[in-house]
Amino acid sequence: MLVFTLRRLNLFIFTFIMLTALSFSLSFLFPGDALTNLTGQINASPEQRALLAEEYQYNSHIIKQYWAYLTHLFDGDFGISIASHLPISSEIMNLLPATIELSVVALFIAMAIGIPIGFLAAINHEKIPDQAILFVSMLGYSIPIFWLGLLAILIFSIQLGWLPSAGRISLVYEIKHITGIQFFDILLSDSEYKWQAFQNATLHIIMPASVVAIAPMTIFIRLARTSMLEVLDSSYITAAKAKGLTFWQIIYRHAIRNSLVNVIRHVGLQFANLVTLAMVTEVIFSWPGIGRWLIESIFQRDYTAIQGGLLALSSFIFIVHILTDFIYAALNPLARDRKHGA
Amino acid sequence: MNLLDIRNLSIVMLSGNKKIVAVDRVSLVMKEGELRGLVGESGSGKSLLAQAIIGVLDEKWIVDADRFHWRGNDLMRLSIAERKKIISKDIAMIFQEPMSCLDPTTTIGEQLEEAVDDKQLTGFFWQKKKQRKLAAITLLHKVGIKKHTECTRSYPHQLTEALCQRVMIAMALARRPILLIADEPTAAMESTNQGQIFRLLASLNQLKNMSVLLISHDLENMAHWTKRITVMYSGQFVEAGTTEQIFTTPFHPYTKALVESTSHASLTLEPKSKLSALPGSIPILQHLPIGCRLGPRCPRAQQACVNAPKAKNYHGHIVSCHYSLKDTY
Amino acid sequence: MARENIYQEEEFPSPLQQLWYKFKAKPMIMLAFSCFLALVFLAIFAPIITPFSSSQTHLEFILLPPAWNDDGNVSFLLGTDQLGRDMLSMLMHGASFTFGLSFIIVITSAVIGVVIGSLSALTSGFKSSFLNHFLDVILSIPSLLLAIVIVAILGTGLSNTVLAIIIVLIPQFIHTTRNEVKREFAKDYVLASKLDGASSLRILQYSIFPNIIEKIITQATLAQSAAILDIAALGFLGLGAATYIPEWGTMVSNGIDLFYIAPWTVYFPGLAILFSVIVTNLVGEGLRHALKQRKEY
Amino acid sequence: MSFNPIIYFLTLPFLSVLLQGCNDEDTTLLSTKSIIYCSEGSPEGFNPQTVTSGVTTDATSNQLYNRLVAYSGDEHEISPSLAKSWHITKDGKKVTFYLRKDVEFHHTSYFTPSRKLNAEDVIFSFNRILNVEHEYHEVSGGLYPFFQSIEFNSLVTNIEKINEFTVRFTLSRPDSSFLANLATDFAVILSAEYAQYLSELDSHQQIDLLPIGTGPFKYKEYRAGSFIRYLANENYWQKKINIEQLIFDITPSNTGRLTKLLAKECDIVAYPIAHKKIIERPDLILNEITSFNIGYLGFNTNKPPFNNKLVRKAISYAINKEAIIDTVYFGKAEVANTIIPPTSWAYDAHIPQQEYSIAKAISTLNEAGYPDGFTMNLWAMPIQRPYNPDALTMAKLIANDLKKIGITVNIIHKYEWSTFLQLITEGQHQAVLLGWTADHPDPDNFFTPLLSCPSSKQGRTGTFWCSKEFDKLISQSLQTTDLNKRKKYYKNALKIIEDEVPLIPIAHSKRFQARDKKISGQLLKSFGGINFVEVNKN
């Protein structure tokens, strides 16, 4: 387990260096002055600029500049937004939790629905349910998400009037920002309208999260199906059959667990895909997350924001990657180290 | 009384519009308390036959037999569920590559406990858990594993192949079976370990009067451990008899070739003389010859061999050949 | 095949022929394949065969519903938008942008990715492991996010979108090629040709490429559906094609303001994207299935 | 195969979370006590004195503040507000206001007033604008565009405190629109005590960001680009406010606002589109009100080729206004012949409708010396206003029209609204689609802010056109109270515009607003922004 952890740590450090280097080099790639892009100080006076240049080692060797940039990052200083003049770090702290909330709920929906359906398809391999599930999953995988979002609003918000179309919660509820994860904040607040707010927030997240979840769900269906087929084909299932266990006993006790382990392995990779979808969905459902903010930043040529947002989002994805690796290792004894060898 | 009586069992797969007969009208009779060998090259349908008996074959295989009696019950007349119930109660099976036959994500202990039949436990439900555990430990002891705590806590990949096979046997014993089918239990194992497993099987056979159907391609070991042997080739029954009969007076040309290719036989061979072997190789399922499937390779083949031969019984020594070697001895 | 099987020998078609036999066995896939070809045809010849030019406005026919509606007009089969442009013509033109460009994107990035990937597969040691980690990092950044960042660097517009998506797709091809080449390199037949004294490049060209080409084609179909969706998404977000270009994603975003009055301006471009992605995915699926079957045989 | 029970197991926790949220009926719904108004943009600040943008005045003037006087009734006469009465001397140069004595300022978490409104507050509010030396003059940029455009500082020479509740304005000349100007959304009264408090803390800027006023609502929370939360002012002097909360949900996208209305997430929306869809729904109401406005195409008369009168004329022949009215306004507007809407008394029925003639346009263009046409840029405003609900489509239509006379148009659209205005003020454009909404009923509010030399030089109207003759006519008109004389002056001024074409008037539109049936109370006024004081939810 120690070696496993060290290896992940090593990977994490490497990735962190890669990502910061990428974000640092962006300030040179973006149009305009690198120092301005890095700090966001667009209206700095010559004296202020000189001070900033000193701070960021702007006239030294590139490695020193990078190091100066890193030190600023560690101090939580991502520069200020060119458009709103607010510190990027505080913007990220405000927005990232919303994105995390949306994507985690979507991931949960995608897995909770996709994996059982995938198993169902595998159990009915090459029968009608299998074919139907495969076809529907192909459909779900092919729908452009922004279009799906629009249709969902049209049907569920306008025609049926069941679900709200925009935002995280109705603005009538005033929720203090504590953790940023709204459900926690609501539970932590002492408002008399707590449960109303909770219900309202739940209604708000259903549609965007489901829209985000559709495509990953179809992928989970496929993954779960393949994985289950592989497991059902393996000798320990035959052996279990020979042991005299019934079909459902085998499914519950052995097949689900083993195929689930294989599916979990892919969660990390799917998460990047899911966050991409969440970015577009945030635009459609006016979800106050980091994706929408990033896209707006492009229109406003807010390069500092793009750099910070990219760094924050990709680090988040990578942390989820590593987390799933650990969960996978916890579930799958094969991925851990051998305790007492042959 | 015959424990198992199988007549003309065929296993068929439909591939497209073609019908592939993987096992072609094989018969097998086993007596109670017998340790019987089933020999054949890989691909001869031994494993299929074993899996057909225990009923764990894939759905793509269609099994059909003229007679399938288990301790006098005609199993063919029962529904699949009933058949399974009887068989899983009385017959157990162990497989080749025991490691892959154990669930990699579950500890040995859990898997063992799961194999213990509920009916064997006498206590109330809150006592059952403990009883199960005890039963599992007893089983481990039975197969000669002393360090039971370490073993039950381990995952399959943390044990050696031989240990895994012992665990498999322990699991098989959990239901107190009457017949144990061992499908190449020692494949890919070192010879010292092989010996351990065989010894264990033999002692179980003798001490508990448990019948064993030992499947292997390794004729030498079979000669050592079994009393009677059945030989198969490419899904067809070839010859059956006592071990001695098979080794000293094989009636079938294939059996003869098989016996001659063992190192045991080659000890008597002149130095530098050719090792005997049949020409060609075992045919693949898609291109099975008609009639006697050994036909194209058989040194004694004649025109009559395009028809499948009928089995002939010579005082318990059964052979299925048009031109048997019986008269040459 | 009702051919009498007298001899043991069978006819052995070339790998590609075999693929084709397996591929065409499923009618659904064949249907998708012909749709795919039709889209390619449309992408090339759209300007010639559309009933109207995509920019021609008919001010007397503004927001005309599709022809099957009571207020529709037969000469505008799918209705018109708020400037009186014919939806059908715009959609047909859009095939050259959304679908046609995705085709070009995939071919370009596949060529670049395969070359880099196979060369990088020949590296070993520290360089190789660095490259591996590097690819992992790049692949863990969401493709759309990366494309957005590249668009931010280059500026918005259709050609920059295309460039951004090409850059984004290249690592995927590098990754696939690299893995496949490495896997093949470990096989015995490669060892055999190595013992014959073949150089690495020769092995790549004669032994490995023929064996991995299908994998790359499969990856390409996956990449194409992703490319279509990415072009459309960027167009929709206003980062891609300019508003007057009938790119499907842009058309959806243009239609949003009229969604409640003229829903067809949103329905049709969305359906067009859905259709082209499904067709591409089905062709890819068929290809993968045929490959798997061929390998199993 | 039976239905797989796994699905039940996995979805159960999720469902239980949902159900848990549904078991509270002990408190009444907060949403019944709150009104959500979906507005079209973020305010620039919370002080309407410093802006002209309608977005800001809508969000602030009537909600947070009061003025000395107000408009009332259909005839838009001046009525008392913070000033319960006033007196004007015969020569029109001295105006005295008598203030109410019961007006409380907002009590908020960041400031608690110790006294009621008095003369100090009025003097502070106007001195901030007039006195360049004033401590607060330069705060928030020192620009007071509305007051500059009416030349307020040359008009008012002195403001004096007569007693605690009496203030006198001394004017340099009589001005018939003075009271009307004080009734506009820009002339709000701030708290002098608050200013004093802030200057002690040395955070002057806060006066325009965390506002204290006398209006029916008080500031609670603002998140840029997202929402503004106001709470009812429990001490409002005029009446009791019916609702607890007023929320401005900032939704720049037109469809977004309509969607929120249809999905019942907004109670009221600004500038709704798709009227048909709203009328179809039995639970929604569409209000319309005649608004005094003009949407126009302005030429940068400093830049060639639009420094040439004939080119401007040629373009005015080439634009098909009827098509624009149909497409952009969905027929809910009138073609504008001139800058004055027909409902104003200054409107001259004799001015003919601009002829639409491609042939004339081509011949005029030839005459101007551009037989082969040219390429121009056309800037289209990026947000929706009543006078121009969809500038991009309008620009596309105009580009299409101009193609017929050989002019190629590049449309420039992708700027944020404040940047857009900044660049227009700098004169970066050749032509621009803009508009103007009157702040009060006096027709001067069209002439002076749109086309007088002082406001042209500021550049916000985008024309940079300046005519001494025109300016003389409109100032003559202001100095008289004789309606017939004023009509004559304005008629001549309109002639000059018709001849010079500094801008092409396109449409006078109505202002629309849609709301849920549950919301009652008058919201829209012909002049100025939206007012929530009477609104109720049942």
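Proteins get letters first, then strands, A, B, ... in listed order; numbering begins at 1 in each. Heavy atoms only: backbone and side chains are in, while hydrogens, waters and symmetry mates are out.
- Put simply, CD1 on C:Ile153 and OG on A:Ser25 are 8.0 Å apart, with the number rounded to the nearest 0.5 Å.
- Of the atoms belonging to A:Leu134, not a single heavy atom falls under 4.5 Å from chain C.
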Give the C-alpha distance, both sets of side-chain angles, the deciding distance and a yes or no for side-chain contact (heavy atoms from CB on, under 4.5 Å) between A:Leu29 and C:Ile150.
CA-CA 9 Å; A:Leu29 293 171; C:Ile150 296 169; over 6 Å; no

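- The shortest distance between side-chain heavy atoms of C:Leu274 and A:Trp147 falls below 4.5 Å.
- In this structure the side chain of C:Val277 never reaches within 4.5 angstrom of the side chain of A:Tyr141, judged on heavy atoms.
- For chain A, the nearby parts of C:Val266 are the backbone and the side chain; heavy atoms of each come within less than 4.5 Å.
- The parts of A:Leu150 that come within reach of chain C are both its backbone and its side chain, each placing non-hydrogen atoms under 4.5 angstrom from that chain.
- When heavy atoms are compared at a cutoff of 4.5 Å, A:Ile298 approaches chain C solely by way of its side chain, counted from C-beta outward.
- Ranked by non-hydrogen atom pairs under 4.5 Å with chain C, the options A:Leu22, A:Ile295, A:Val275 are led by A:Ile295.
- The environment of A:Tyr66 atom OH is dense: over 12 non-hydrogen atoms of other residues, nucleotides or ligands sit within 6.0 angstrom.
- The parts of C:Val149 that come within reach of chain A are both its backbone and its side chain, each placing non-hydrogen atoms under 4.5 angstrom from that chain.
- The nearest pair of heavy atoms linking C:Ile278 to A:Met138 is O-SD, 4.5 Å.
- Atom-to-atom distance recorded for C:Ile141:CD1 and A:Ile317:CD1 is 8.0 Å, nearest 0.5 angstrom.
- Considering CD1 of C:Ile273 and OG of A:Ser142, their distance stands at 12.0 Å, rounded to 0.5 Å.
- From A:Leu154, atom CG reaches atom OH of C:Tyr260 across 6.5 Å, with rounding to the nearest 0.5 Å.
- Within a 6.0 Å radius of CD1 in A:Ile128, other residues, nucleotides and ligands contribute 12 heavy atoms or fewer.
- Using a 4.5 Å heavy-atom threshold, the side chains of A:Leu151 and C:Tyr267 count as touching.
- With respect to chain A, the highest number of heavy-atom pairs below 4.5 Å among C:Phe275, C:Phe130, C:Trp248 belongs to C:Phe130.
- Annotation: side chain of C:Leu145 is not in contact with side chain of A:Thr276 (no heavy-atom distance under 4.5 Å).
- The part of A:Leu313 that comes within reach of chain C is its side chain, from C-beta onward, which places non-hydrogen atoms under 4.5 angstrom from that chain.
- Atom CD of C:Glu285 and atom CZ of A:Arg222 lie 4.5 Å apart (nearest 0.5 Å).
- In this structure, no portion of C:Ile228 lies under 4.5 Å from any heavy atom of chain A.
- Of the atoms belonging to A:Leu294, it is side-chain heavy atoms, and not backbone ones, that fall under 4.5 Å from chain C.
- Interface remark: A:Ile158 contributes side-chain atoms only to the contact with chain C (heavy atom separation under 4.5 Å).
- The shortest heavy-atom contact between A:Pro144 and C:Gly270 is CG-O, 4.2 Å.
- By number of non-hydrogen pairs under 4.5 angstrom with chain C, the leading residue of A:Ile145, A:Leu310, A:Ile284, A:Val283 is A:Leu310.
- Heavy-atom distances place no part of C:Ile138 under 4.5 Å from chain A, backbone and side chain included.
- Scanning residues 13-20 of chain A against chain C with a 4.5 Å non-hydrogen threshold yields A:Phe14, A:Thr15, A:Met18, A:Leu19, sorted by number.
- Closest approach of A:Tyr303 and C:Ala152 over heavy atoms only: CE2-O, 3.8 Å.
- Using a 4.5 Å heavy-atom cutoff, the side chains of A:Phe146 and C:Leu237 are not in contact.
- Heavy atoms of other residues, nucleotides or ligands lying less than 6.0 angstrom from CZ of A:Phe135 number 12 at most.
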